[in-house]
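Notes for the one structure printed next.
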Amino acid sequence: MKEILLIEDDISIAELQRDYLEINDFRVDIQHNGDEGLRHALKGNYDLIILDIMLPGKNGFEICKEIRAVKNIPILFVSAKKEDIDKIRGLGLGADDYITKPFSPSELVARVKAHLSRYERLAGNNTVSKTIFVHGISIDRSARKVFINEVEVPFTTKEFDLMVFFVMNPNQVLSKEQLYEKVWGLESAADVSTVTVHISRLREKIERDPTNPKFLETVWGAGYRFNV
């Protein structure tokens, strides 16, 4: 049985999430305080972590940053903070997804399942050693590392997955919905703004001028294309 750490200070919301997750055969550990939540996250052997942002003690951003520095597991933000800047910050710190409150509990369960499934597939593929070279970028798929002009550049889990998907599908126009479904493993009816945030982050890392991208191009009204 997969075990999930849920760090949420609103007791009623935490219990609602726990009930839906337990119905779907997940074991759930709830922590209502940021400091205790972080302590459990670092000591425990959880399969996925669900984080609120506004918490007593350490906030969700701080917790995410510390977890991501030492663990490669799915991290999902569930927060009432709806501003794009909060989504950008959370995803930039290494979270895999960002869900805004109020939310559908069944959607949360679907996203949890999708992220766990994708991490399991990635773990199974780690035995295959393959390095991709393009535009001075070296992508080591087995080690999940990226080197740009021979200098290692840190990529979050989803940034790496998105980059690999683009280079494996060069010169093709890919819509946000296609990218969300293929990289995040979720139905395109869900929130695809996450894709926009990750595209921006990729451009900051691989383009000389992110405001005038040459490699990762926007095709207006259609999606994005990785030029090779």
Side-chain angles (χ1 to χ4, degrees), residues 64-65 68 72 74-77 83-99 111 114-115 117-228:
C64 179
K65 183 177 181 180
R68 186 54 78 216
N72 184 30
I75 300 175
L76 281 64
F77 275 115
E83 294 79 6
D84 285 344
I85 188 64
D86 294 310
K87 292 184 180 181
I88 292 169
R89 185 180 179 190
L91 296 169
L93 288 170
D96 295 278
D97 210 343
Y98 192 111
I99 305 170
R111 295 203 192 190
H115 286 295
S117 176
R118 183 156 189 82
Y119 266 71
E120 287 174 356
R121 290 199 302 272
L122 290 171
N125 290 336
N126 278 347
T127 56
V128 180
S129 178
K130 187 173 182 180
T131 302
I132 307 168
F133 299 94
V134 60
H135 297 311
I137 304 168
S138 172
I139 304 171
D140 186 335
R141 296 176 66 187
S142 60
R144 296 184 65 80
K145 292 184 177 182
V146 179
F147 298 84
I148 300 177
N149 297 322
E150 301 184 355
V151 177
E152 184 176 356
V153 177
F155 275 57
T156 67
T157 300
K158 283 297 181 285
E159 287 170 0
F160 184 90
D161 295 343
L162 185 59
M163 185 69 197
V164 169
F165 189 76
F166 270 122
V167 299
M168 296 299 289
N169 296 275
N171 305 318
Q172 299 181 42
V173 177
L174 301 164
S175 69
K176 290 180 183 179
E177 290 77 14
Q178 286 176 302
L179 292 168
Y180 196 72
E181 184 173 351
K182 296 297 184 182
V183 177
W184 277 260
L186 302 169
E187 292 296 327
S188 60
D191 181 10
V192 296
S193 62
T194 296
V195 175
T196 306
V197 173
H198 280 76
I199 293 289
S200 176
R201 299 281 299 180
L202 282 186
R203 284 174 172 160
E204 290 175 3
K205 295 181 178 183
I206 69 172
E207 299 279 0
R208 287 188 178 182
D209 180 4
T211 63
N212 185 29
K214 301 299 183 184
F215 306 145
L216 190 45
E217 179 184 6
T218 298
V219 180
W220 294 107
Y224 303 96
R225 178 173 56 220
F226 188 77
N227 298 315
V228 175

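The figures that follow rest on heavy atoms only: side chains count, while hydrogens, waters and symmetry mates do not.
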Under the side chain to side chain contact (heavy atoms under 4.5 Å, CB included) rule, what do Met163 and Lys205 come out as? Steps first, then yes or no, please. CA-CA 11 Å; Met163 185 69 197; Lys205 295 181 178 183; over 6 Å; no

State whether Asp161 and Lys182 are salt-bridged, where the test is any N-O pair (Lys NZ or Arg NE/NH1/NH2 against Asp/Glu carboxylate O) under 4.0 Å.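 Between Lys182 and Asp161 there is no salt bridge, as every charged N stays at least 4.0 Å from the carboxylate O atoms.
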
Nearest 0.5 Å please: distance from the [atom1] atom of [X] over to the [atom2] atom of [Y].
X      : Y      : atom1 : atom2 : value
Ile206 : Arg201 : CD1   : CZ    : 13.0 Å
Asn72  : Thr156 : CG    : OG1   : 10.0 Å
Asn169 : Leu174 : CG    : CG    : 6.0 Å
Asn171 : Asn227 : CG    : CG    : 6.0 Å
Ile88  : Thr194 : CD1   : OG1   : 10.5 Å
Lys87  : Ile99  : NZ    : CD1   : 10.5 Å

Whether over 12 other heavy atoms sit under 6.0 Å from Glu83 CD: yes

For residues 203-228, the ring pair (Phe, Tyr, Trp, His ring centres under 6.0 Å) pairs (sequence neighbours left out) are His135-Phe215, His135-Phe226

Residue pairs meeting ring pair (Phe, Tyr, Trp, His ring centres under 6.0 Å), one or both in residues 155-178, sequence neighbours left out, come to none

Go through the structure and list residues passing side-chain hydrogen bond (donor to acceptor under 3.5 Å, both in side chains) with Ser138, not counting sequence neighbours.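 With neighbours one apart ignored, the set is empty.
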
So, for Ala95 and Cys64, which heavy atoms are closest and what is the spacing to 0.1 Å? N-SG, 3.8 Å

Testing the basics here: between Val173 and Gly223, what is the closest heavy-atom pair and its distance to 0.1 Å? CG1-N, 4.2 Å

Give a yes or no answer on whether the side chain of [X] reaches the backbone of [Y] with a donor-acceptor pair at less than 3.5 Å.
X      : Y      : value
Asp96  : Ile75  : yes
Arg118 : Val183 : yes
Glu207 : Lys214 : yes
Arg68  : Leu93  : no

Can you name the residues that form a side-chain contact (heavy atoms from CB on, under 4.5 Å) with Ser175, not counting sequence neighbours?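 Checked Ser175 against side-chain contact (heavy atoms from CB on, under 4.5 Å); matches are Glu177, Gln178.
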
Qualifying residues under side-chain contact (heavy atoms from CB on, under 4.5 Å), relative to Asn149, sequence neighbours excluded: none

Check the pair His115 / Lys158 against side chain to side chain contact (heavy atoms under 4.5 Å, CB included), numbers first and verdict last. CA-CA 10 Å; His115 286 295; Lys158 283 297 181 285; 3.8 Å; yes

I would like to know whether Ser193 and Tyr98 meet side-chain hydrogen bond (donor to acceptor under 3.5 Å, both in side chains); could you show each step before the answer? CA-CA 9 Å; Ser193 62; Tyr98 192 111; over 6 Å; no

With a 4.5 Å limit on heavy-atom distance, are the side chains of Asp84 and Val197 in contact? no

Begin from the C-alpha positions of His198 and Leu91 and carry the test side chain to side chain contact (heavy atoms under 4.5 Å, CB included) through to its verdict. CA-CA 8 Å; His198 280 76; Leu91 296 169; 3.7 Å; yes

Write out all pairs satisfying salt bridge (charged side-chain N to carboxylate O under 4.0 Å, His left out) with one or both partners inside residues 216-228, taking only residues at least two apart or from two chains.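 Residue pairs with at least one partner in residues 216-228: Glu217-Arg225.
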
Between Arg141 and Ile132, is a side chain to side chain contact (heavy atoms under 4.5 Å, CB included) present by the stated rule, with each step listed? CA-CA 8 Å; Arg141 296 176 66 187; Ile132 307 168; 3.6 Å; yes

